Amino acid sequence: MSDIERLRHSCAHVMATAILRIWPDAQFAYGPPIENGFYYDFQMKHRVTPDDFEKIEAEMKKISKENQKFEWKGISREDAKAMAESGRLGGLSERPGNPSVFKLDLIDKIPEGEQISCFQNGDFIDLCAGPHVGYSGKCKNVKLTSVSSSFYMGDDTKPQLQRLYGTAFESREELEAYFVRLEEAKKRDHRRLGKELKLFHIDEDVGQGLILWTPNGAVLRQELQSFISEELRKQGYHQVFTPHIGKLALYKTSGHFPYYKESQFPAIIEPDALQQIAHEGCGCAEMTARLDAVSAQFANQLNERTGREVIGQDRIMDPEKLLDGFLLKPMNCPHHIKIFGSQPRSYRDLPVRLAEFGTVYRWEQSGELNGLTRVRGFTQDDAHLFCTEDQVAAEVLGCLSLVKIVLTTLGMTDYRVRVGLRDADSSKFTGNPEQWDKAEDACRKAAATLGVPFTEEPGEAAFYGPKIDFVIKDVIGREWQLGTVQVDYVLPVRFDLSYVGADNKPHRPVMIHRAPFGSMERFCGVLIEHFAGHFPTWLAPEQIRILTISEKVDAFADEIFAQLKTAGLRVTLNNDADKIGAKIRNAQLDKVPYMLVLGEKEAAAGGVSVRHAKRGDLGVRSIADFLADVTAEVRERQL
RNA sequence: GCCGAAGUAGCUCAGAGGUAGAGCAGCGCAUUCGUAAUGCGCGGGUCGCGGGUUCAAUUCCCGCCUUCGGCUCCA
């Protein structure tokens with residue numbers, strides 16, 4: 001544990017002590033240091049609100065002044081249990097009738113034979129492995145930041161606890177600097193900039209988590225798509241288009257329906273069928289069952305193909321009663337699979353790489369929605385690669401290099417790479433173990449070539465195969481998964497895909513799912529924050545703004561405007577009656593990369609005064625020079 | 001979905017049981033100006049939505065919706 005973590009952990013104990021002095025019934029669960037501070041989870045009758053912070057902080061100050069010593073004590077399991085039973089553990093004194101329930105549970109979770117220890121500061125004794133600072137006097141530069149709720153052990157079937165967050169630093173200056181930094185970070189929040197720069201809009205009447213791309217944001221997105229499309233052409237991809245819905249049977253085959261029902265928009269039922277079931281007086285439960293069900297033939301075929309019972313007897317129904325419908329597509333794979341399967345394929349054709357900016361819809365929980373980063377409808381820069389088993393490693397590598405090109409071009413270097421592996425004892429993962437091993441190995445090896453540290457995370461795989469994810473942090477430190485590359489041995493079996501090998505026999509292809517941006521929405525959200533709204537010229541919705549000094553140069557300004565426009569640049573003209581200072585200020589606030597100041601001086605010389613939003617006044621230049629430089633800057637996608 | 005907080009003009013926010021205010025933005029007029037705010041004037045709000053209490057509710061109470069911070073979830 002680092003020094004700052006040790007300090008913050010001690011602050012969590014000081015906070016607990018303060019809470020107990022005010023509300024003695026509090027039962028504490030778990031209180032670790034975290035990236036920017038610490039928290040403690042607890043349960044008590046009083047509900048803490050931000051109005052209570054002052055009172056709690058005052059008590060914490062007092063405890064810090066008392067300069068209590070943090071003392072380590074090794075105790076036996078029996079003693080620990082006895083102390084928890086009496087309410088002494090995680091309390092200021094024994095609390096008859098109020099046993100330390102969470103501490104009791106935590107003690108049970110400590111493996112047999114491991115040393116159990118507690119720490120005492122003043123009257124507060126807590127089950128804790130430490131370490132801690134020497135004295136509470138160190139815990140003086142501390143501030144409570146927020147209160148929320150959490151589930152005990154992160155399990156939503158366990159009791160809901162209150163979680164109080166705080167932060168602490170060695171010095172007061174560092175503490176203050178932290179909050180200044182936080183304020184600065186908020187200014188680059190994509191939700192705020194999205195409004196200020198008119199990039200996107202979310203409208204209640206359209207629906208939560210559904211993005212309306214306004215003209216400025218549409219430019220940003222379109223430029224990114226063009227960039228990706230160019231790279232895809234270089235790498236031998238084929239562009240396809242598919243509809244936004246597909247029949248339920250498609251998703252029953254893929255295995256997504258009904259198992260992921262909670263995260264899909266409900267099925268769309270055909271009008272005739274809807275009328276029929278309404279006529280029959282069919283209830284909701286009955287309707288759901290009939291939607292979920294399949295015919296015996298369907299189940300048998302799929303079970304036979306996969307070699308296991310993926311569809312149980314309970315889902316089989318008389319074909320007469322089956323209810324058909326459509327699903328708003330939650331992913332693009334089945335559609336692409338159908339394109340691959342639409343014609344015979346030879347091993348000579350492989351790999352087949354099908355790409356689409358495919359829009360998908362997922363029913364995310366309302367509390368999870370967040371600006372552009374977590375939405376209910378989004379467009380993936382998706383592609384599916386169908387290849388032979390021998391080609392998997394090379395194709396994964398190709399996908400990774402694409403992700404790397406993308407991130408490098410945008411100057412995004414602060415990301416981490418996660419290799420998601422299967423969790424041995426989870427039934428969530430399908431397919432055979434040897435293929436999993438092979439695929440996991442290919443991912444691991446490919447990730448190693450990135451030259452970026454990566455972590456292997458068991459249980460993070462997709463149900464059909466392992467994956468490599470690129471994860472980036474937003475301004476407030478939350479992590480978002482962007483690019484992803486996933487190897488899949490399962491869907492080709494479920495859809496019975498095949499190609500003809502050199503031996504003139506059918507073979508099963510392997511699929512790779514990949515999206516370098518992940519989703520256009522999320523990526524743009526992260527990108528807005530990355531650039532703090534100051535996009536490089538090639539991405540800027542408005543690249544150049546012409547600012548006139550007086551009406552006398554209107555004709556000259558029109559001429560320059562027309563020239564830049566003809567050159568394909570996104571240019572606007574501000575010939576309002578404002579003073580030049582105001583025009584510059586407005587252009588700066590709109591984060592327009594180039595401002596061209598035109599007055600009588602420029603008109604006489606036939607030049608333009610160039611000002612850059614970040615580099616300031618660049619002096620007078622000839623229009624030809626300026627045009628050449630900016631077009632090159634845009635063409636080369638300079639940062 | 002759960003816990004907590006919030007919702008007043010396009011934006012940022014103030015306000016109070018007696019049907020609302022500022023700054024910025026917008027519009028109009030004047031100004032013709034040299035690298036981050038020219039002046040004057042005008043318009044703009046069913047105070048998130050629906051109920052209830054009250055002579056009177058935007059303000060108090062209840063329900064809902066949306067947003068924000070967490071939790072859980074993320075094929």
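Just so it is clear: chains get the letters A, B, ... in the order the sequence lines come, proteins before strands, and each one is counted from 1. These numbers come from a predicted model, not from an experiment.
At a threshold of 4.0 angstrom between heavy atoms, the contacts of A:Arg192 with the nucleic acid are absent. A:Lys579 comes within contact range of at least one nucleobase, with a heavy-atom separation under 4.0 Å. Contact annotation for A:Lys601: base contact, defined as any heavy-atom pair under 4.0 Å involving a base atom. Across all strands shown, A:Ile580 has heavy atoms under 4.0 Å from sugar-phosphate atoms exclusively, and none from any base. Counting non-hydrogen atoms under 4.0 angstrom, A:Thr145 reaches nothing in the nucleic acid. Residue A:Ser150 is classed as a sugar-phosphate contact, given heavy-atom separations below 4.0 Å to backbone atoms only. As judged by a 4.0 angstrom heavy-atom cut-off over every strand, A:Arg611 is placed among the base-contacting residues. Residue contacts shown for A:Asp155 are absent, as no nucleic acid heavy atom lies under 4.0 Å away. Heavy atoms of A:Glu602 sit under 4.0 angstrom from at least one base atom. In this structure, A:Arg374 reaches the bases: a heavy-atom distance under 4.0 Å links it to at least one base atom across the strands shown.
Here A:Phe38 and A:Tyr165 keep their ring centres 6.0 angstrom or further from each other.
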Give every donor-acceptor pair under 3.5 Å between a side-chain atom in residues 596-610 of chain A and any protein atom, sequence neighbours left out.
residue, atom, partner, partner atom, Å
A:Glu602, OE1, A:Gly599, N, 2.7
A:Glu602, OE2, A:Ser609, OG, 2.6

Could I get a table of every N or O pair under 3.5 Å where one atom is in the protein and the other is in nucleotides 4-15 of chain B?
residue, atom, partner, partner atom, Å
B:G4, OP1, A:Arg47, NE, 3.1

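Stem analysis of RNA chain B (at least three stacked-register Watson-Crick or G-U pairs, each with both distances under 3.5 Å) gives B:1-7 with B:65-71, B:10-13 with B:21-24, B:26-30 with B:38-42, B:48-52 with B:60-64.
The side chain of A:Arg362 places no N or O atom within less than 4.0 Å of a non-bridging phosphate oxygen (OP1 or OP2) of B:A75.
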